[in-house]
Amino acid sequence: MKLFLITFGFFVLVILAMSIGYWIKRKSIHGSCGGIASLGLDKVCDCPEPCDNRKAKMAAEAARQQKLQQQERII
């Protein structure tokens, strides 16, 4: 239990140090290279319309959401 408390305290100190750094610098948190936003892109793909693979994934997700909603109605 003592080791758990020491580890938990360490993580709390690290998170506190990161939050103080954020408060001082007032910069948004981002990855080491700034992500795709640093390149001026809004999304990974600059296509005006999603590709077929992405459309299939979106359709599958919509079907899954619809199935979940139907199950909630039954319950």
Side-chain angles (χ1 to χ4, degrees):
M1 184 65 169
K2 188 177 182 179
L3 180 62
F4 172 76
L5 292 175
I6 291 171
T7 305
F8 182 74
F10 175 75
F11 279 107
V12 168
L13 287 174
V14 168
I15 292 170
L16 181 65
M18 290 186 336
S19 64
I20 289 173
Y22 172 73
W23 289 333
I24 291 172
K25 289 187 178 184
R26 293 285 184 199
K27 289 178 69 177
S28 63
I29 299 172
H30 53 77
S32 60
C33 63
I36 62 169
S38 66
L39 301 174
L41 303 174
D42 293 332
K43 56 184 179 176
V44 176
C45 175
D46 267 349
C47 303
E49 185 177 327
C51 60
D52 293 335
N53 193 16
R54 180 70 179 153
K55 285 180 185 177
K57 287 181 183 179
M58 290 168 55
E61 179 63 23
R64 187 180 78 81
Q65 289 294 330
Q66 185 178 19
K67 186 177 179 181
L68 286 174
Q69 288 176 355
Q70 288 175 352
Q71 287 178 352
E72 288 177 3
R73 290 182 200 155
I74 294 172
I75 295 175

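The model shown is predicted, which means the values in this text are computed figures rather than measured ones.
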Visitor: If you round to the nearest 0.5 Å, how far is CD of Gln70 from CD of Gln65?
Guide: 12.0 Å
Visitor: To which residues is Leu13 joined in a hydrophobic cluster, defined by side-chain heavy-atom contacts under 4.5 Å among Ile, Leu, Val, Met, Phe, Trp and Tyr, whether direct or through other members?
Guide: none
Visitor: According to a hydrophobic-cluster definition based on side-chain heavy atoms being under 4.5 Å apart (Ile, Leu, Val, Met, Phe, Trp, Tyr only), do Val12 and Leu3 belong together?
Guide: no
Visitor: Return the set of residues passing side chain to side chain contact (heavy atoms under 4.5 Å, CB included) with Met58 (not counting sequence neighbours), or none when no residue passes.
Guide: Pro50, Arg54
Visitor: Would a hydrophobic clustering, with Ile, Leu, Val, Met, Phe, Trp and Tyr connected at side-chain separations under 4.5 Å, put Ile6 with Val14?
Guide: no
